[in-house]
Amino acid sequence: MTTGGHGTDGVERRGLMFVLSSPSGAGKTTLSRLLIERMPGLRMSVSATTRAKRPGEVDGRDYLFVDKARFDAMVKGDELLEWATVFDNSYGTPRAPVEAALSAGQDVLFDIDWQGTQQLREKARADVVSVFILPPSASDLEKRLHSRAQDSDEVIRKRMSRASHEMSHWAEYDYIVINHDIDEAFAEVQSILKAERLKRERRIGLVGFVRSLQGQLQG
Ligand SMILES: Nc1ncnc2c1ncn2[C@@H]1O[C@H](COP(=O)(O)OP(=O)(O)OP(=O)(O)O)[C@@H](O)[C@H]1O
Ligand SMILES: Nc1nc2c(ncn2[C@@H]2O[C@H](COP(=O)(O)O)[C@@H](O)[C@H]2O)c(=O)[nH]1
């Protein structure tokens, strides 16, 4: 699915799909915002959803807010790379922006659930790097959902009751980060991305680079 861009050292590299999943409220959105701010070469995948906009959310930045008819048309038109029903709403990843970013040599960040991650893995296993974020405790998770102050008590109850099921998929992920402290969790997620960018098999320009070095040594 991906073509090459260039790493900071100028060596051509395949773009990667960096996935964060967690039970609702564990900190994916917070970590995603920090990654986008601080990691050049990383683009956020903006999902389409039928869920209602929360206070402060902006259409086109946080989500593409669409109605069910539009969402179904996107599915039918093969416009989504993956999609799933989460908490009674439809969510999906528009295909075109992801393919454009990867073709331009950028990495793409996804805040999606385990169902979407499974679908991405089936389509592009070698290019998917997945991280599951765990909360330090159930009470911290509940506190975070309340402190976000954007969902009703009923919605929070529903999300808490789904958390254990969401977490049952943790072992399908490449990395697990426990989000005690946001700065520490961010440093861990950042280290994962930096290391994955350096993986030999993604760095398709290395063969030419090493040949050129060898040429210089011989000449
Ligand atoms: N390490 C942390 N310590 C304390 N609060 C945190 C921490 N990480 C995130 N939070 C807070 O917890 C709340 C939920 O975080 P966030 O919205 O990032 O979760 P999420 O995993 O994206 O949830 P959802 O799946 O519902 O979108 C936010 O108010 C955020 O500021
Ligand atoms: N499979 C997908 N899951 C997605 C996508 N976009 C978001 N999500 C997940 O939905 C829940 C709820 O999100 P919220 O913003 O309503 O709190 C959360 O787990 C997200 O990761 C998507 O495109 N595909």
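Atoms within each ligand, like the ligands themselves, are counted from 1 in listed order.
Contacts between Q119 and ligand 2 below 4.0 angstrom, taking non-hydrogen atoms only, are absent altogether. In E82, the part holding a heavy atom less than 4.0 Å from any atom of ligand 2 is the side chain. The residue W83 has no part lying near ligand 2, judged by heavy-atom distances below 4.0 Å. At a heavy-atom cutoff of 4.0 Å, ligand 1 is contacted by no atom of D140, backbone or side chain. Only the side chain of R54 comes within 4.0 Å of ligand 2, judged by heavy-atom distances. Under 4.0 Å from ligand 2, the heavy atoms of K28 that appear belong solely to its side chain. Using a 4.0 Å cut-off between heavy atoms, H180 contacts ligand 1 through its backbone alone, with no side-chain atom that close. Within the 4.0 Å heavy-atom criterion, both parts of I112, backbone and side chain, lie near ligand 2. For R162, no heavy-atom contact with ligand 2 is shorter than 4.0 Å.
Here the protein heavy atom with the shortest distance to atom 22 (O) of ligand 1 is T29 OG1, 2.4 Å. Looking at atom 13 (O) of ligand 2, its nearest protein heavy atom turns out to be Y63 OH, 3.4 Å. Here the heavy atom of the protein found nearest to atom 15 (O) of ligand 1 is T30 OG1, 3.7 Å. The nearest heavy-atom contact from the protein to atom 6 (N) of ligand 2 is S47 OG, 3.1 Å. For atom 26 (O) of ligand 1, the nearest non-hydrogen atom of the protein is S24 OG, 2.5 Å. Scanning the protein heavy atoms around atom 8 (N) of ligand 1, the nearest turns out to be N179 ND2, 3.1 Å. Closest protein heavy atom to atom 3 (N) of ligand 1: R144 NH2, 3.3 Å. With respect to atom 25 (O) of ligand 1, the closest heavy atom belonging to the protein is K28 NZ, 2.6 Å. The nearest protein atom to atom 28 (C) of ligand 1, hydrogens excluded, is given as R148 CB, 4.2 Å; this is a heavy-atom distance. Closest to atom 14 (C) of ligand 1, if we only count protein heavy atoms, is G25 O, 3.5 Å.
Each of R202, R43, R13 was checked for a side chain to side chain donor-acceptor pair (under 3.5 Å) with D107, and the lone residue meeting it is R13.
Not a single heavy atom of W114 sits under 4.0 Å from any atom of ligand 2. Contact analysis puts R51 in contact with ligand 2, with a non-hydrogen atom separation below 4.0 angstrom.
Between E57 and R51 there is a salt bridge, since at least one side-chain N of the basic residue sits less than 4.0 Å from a carboxylate O of the acidic one.
For ligand 1, one of its N or O atoms has an N or O atom of G27 under 3.5 Å away.
Nearest residue to atom 11 (C) of ligand 2 from V86, T93, D113 is V86 (criterion: closest heavy atom). Nearest to atom 20 (C) of ligand 2 by heavy atom, out of D111, L81, L80, is D111.
In terms of modelled atom types and a separation under 3.5 Å, the side chain of D59 and the main chain of F65 share a donor-acceptor contact.
Between H165 and W114, the angle of the ring planes goes over 60°, which puts this pair in the perpendicular group of the 30/60° scheme.
The closest side-chain donor-acceptor pair between E82 and Y91, if any, does not fall under 3.5 angstrom.
Numbered from 1 in the order shown, with element, the atoms of ligand 2 that lie under 4.0 Å from a heavy atom of G116 read 1 (N).
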